[in-house]
Amino acid sequence: MKFSTKAIHCGEEPNLKEGGYGDIVTPIHLATTFARTEIDKPTGGYEYARTGNPTRKALERRLAELENAKYGLAFASGLAAETTLALALLKNGDHVIVFEDLYGGTRRLFDRTLANFGLEFSYVDATKTENVESAIKNNTKLIWLETPTNPLLKLCNIKAISKIAKAHNLITVVDNTFASPYLQNPLNLGADIVVHSTTKYLGGHSDVVGGAILVSNDELYAKLKFNQNAIGAVPSPFDCFLVLRGTKTLALRMDRHNYNALKLAEYLSTHPLVEKVNYPGLKTHSQHTLAKKQMTGFGGMLSFYVNKKVNPKNFLGKLKIIALAESLGGVESLINQPASMTHASITKEERDRIGITNNLLRLSVGIEDVEDLKEDLEQAFQKSKLITC
Ligand code: P1T
């Protein structure tokens with residue numbers, strides 16, 4: 001079955017058997033508990049809704065299919081998924097190698113919460129595979145990658161890094177939120193685990209917060225599944241329904257996100273008020289060849305540095321269609337200043353070192369008419385241009 005068909009049908013086949021209603025969409029099962037006729041025979045396999053419920057099961061099966069995984073696990077947020085993963089697979093004294101450019105909230109979770117439990121994190125520039133290999137220590141257990149990264153749209157070579165990880169018996173995790181499973185499937189490239197913030201492209205409409213873990217290894221799954229229930233950071237049935245609904249149009253939406261983002265990246269890259277554009281679809285992107293190899297499209301996210309002739313704060317205030325807001329991956333275009341918003345929890349020194357400066361703006365390109373988006377950006381540039389004599 002091809003992606004678009006799987007995205008509509010997998011996980012919610014209508015129940016046409018005796019007693020079923022043939023619902024074409026999965027019902028929102030609100031029951032917190034499930035009655036049984038005998039003590040050791042849960043009806044339909046469900047006992048208590050934190051442990052599992054039919055709406056969540058439908059979502060978990062669908063997400064697993066979309067990532068070519070054997071198993072799917074849904075969570076209350078992307079960070080809930082990440083926390084559960086870390087607590088399930090790591091213990092006091094373990095070391096994790098992390099791609100240094102990544103969502104600020106993930107870094108905050110690692111440095112300010114999980115580090116208190118004796119986990120050690122090293123941040124490396126994983127655009128160069130050899131940097132990952134040379135960071136491996138005796139206590140390294142896991143490699144954490146985001147690709148493309150948030151907010152600089154850098155890539156790392158999933159296949160090459162996963163190969164190194166396997167040789168050292170390490171687990172490779174890829175946060176695939178920016179690409180979505182439509183554009184990239186890390187498990188096919190050798191990664192062990194995929195993480196998603198389903199709040200973004202999978203939900204797609206900025207109306208639900210959620211997360212997911214996709215995995216094929218039985219042993220890793222057993223630990224993750226146990227901790228999904230033990231920790232309990234699970235999504236509500238209504239939230240599962242919203243993400244399930246979102247996935248049905250993922251392929252259509254991503255095609256438009258790709259198209260619009262490339263158009264805007266091209267427009268911005270020749271703009272006299274723009275210093276640099278980060279978008280893997282541009283031929284000038286230093287990893288364009290890798291992007292073509294490991295992705296089937298370049299996605300809806302881009303970031304750019306405005307030059308000294310524009311005050312970024314004024315520019316953001318002049319936009320009319322594109323909303324100034326955190327988050328990404330919805331049908332509507334959103335813009336943000338990572339240094340003061342999504343990545344504010346990283347120290348200024350570290351932000352400057354990585355390249356997250358005040359003139360960096362991140363654009364989540366929506367699926368509106370791209371001409372309207374271009375006009376919106378242009379009028380904001382003109383109104384925020386500093387007049388120099
Ligand atoms: O917000 P939440 O569903 O908990 O997901 C966290 C998360 C994980 N991974 C990536 C790559 C992310 O971008 C995020 C959340 N990011 C934003 C809210 C943002 O505006 O970048």
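For ligands, and for the atoms within them, numbers begin at 1 and follow the listed sequence. Basis for what follows: all heavy atoms, side chains included, without hydrogens, waters or symmetry-related copies. Nothing here was measured: the structure is a model prediction, and the numbers come from that model. Along the sequence shown, the residues carry numbers beginning at 1.
The aromatic rings of Tyr201 and His257 sit perpendicular to each other, their planes meeting at more than 60°, with 30° as the lower class boundary. Ring geometry for His271 versus Tyr267: interplanar angle over 60°, hence perpendicular rather than tilted (30 to 60°). Taking the six-membered ring for Trp and thresholds of 30 and 60 degrees, Tyr71 and Tyr221 have nearly parallel ring planes, at less than 30 degrees apart.
Summary of contacts: the protein heavy atom closest to atom 20 (O) of ligand 1 is Ser327 N, 2.7 Å. The protein non-hydrogen atom at the shortest distance from atom 7 (C) of ligand 1 is Tyr103 CD2, 3.4 Å. Among protein heavy atoms, the minimum distance from atom 11 (C) of ligand 1 is reached at Asp175 OD2, 3.4 Å. Considering only non-hydrogen protein atoms, atom 5 (O) of ligand 1 sits nearest to Ser197 OG, 3.0 Å. Closest protein heavy atom to atom 4 (O) of ligand 1: Leu79 N, 2.9 Å.
Side chain to side chain, Asn278 and Ser303 meet the donor-acceptor criterion of an N or O pair below 3.5 Å.
Between Phe121 and Trp144, the distance from one ring center to the other does not fall under 6.0 angstrom.
Annotation for ligand 1: atoms under 4.0 Å from non-hydrogen atoms of Thr342 are 19 (C), 20 (O), 21 (O). The distance from ligand 1 to the heavy atoms of Gly210 drops below 4.0 Å at these ligand atoms: 3 (O). Annotation for ligand 1: atoms under 4.0 Å from non-hydrogen atoms of Arg362 are 19 (C), 20 (O), 21 (O). Near Glu146, with a cut-off below 4.0 Å to any heavy atom, the atoms of ligand 1 are 11 (C). Close approach of ligand 1 to Leu328 (heavy-atom distance below 4.0 Å) involves ligand atoms 13 (O), 19 (C), 21 (O). Every atom of ligand 1 with a heavy atom of Glu82 under 4.0 Å away is listed here by number and element: 8 (C), 9 (N).
Checked for salt-bridge contact, Glu378 and Lys374 miss the test: no charged N lies under 4.0 Å from a carboxylate O. The residues Glu12 and Lys248 are annotated as salt-bridged, a charged nitrogen and a carboxylate oxygen being separated by less than 4.0 angstrom.
For Asn138, the CG atom sits in a loose shell: 12 or fewer heavy atoms of surrounding residues, nucleotides or ligands are nearer than 6.0 Å.
Considering backbone and side-chain atoms together, Thr199 places an N or O closer than 3.5 Å to an N or O of ligand 1. In terms of N/O distances under 3.5 Å, ligand 1 is approached by Asn150. Among the atoms of Gly78, some N or O lies under 3.5 angstrom from an N or O of ligand 1.
Taking 4.0 Å as the cut-off, Lys200 counts as a neighbour of ligand 1 on heavy-atom distance.
For the salt bridge (Lys or Arg N to Asp or Glu O under 4.0 Å) condition, the pairs that include at least one residue of residues 209-218, sequence neighbours left out, are Lys70-Asp218.
The only option from Leu89, Ile171, Ile143 that meets the side-chain contact (heavy atoms from CB on, under 4.5 Å) definition with Asp192 turns out to be Ile171.
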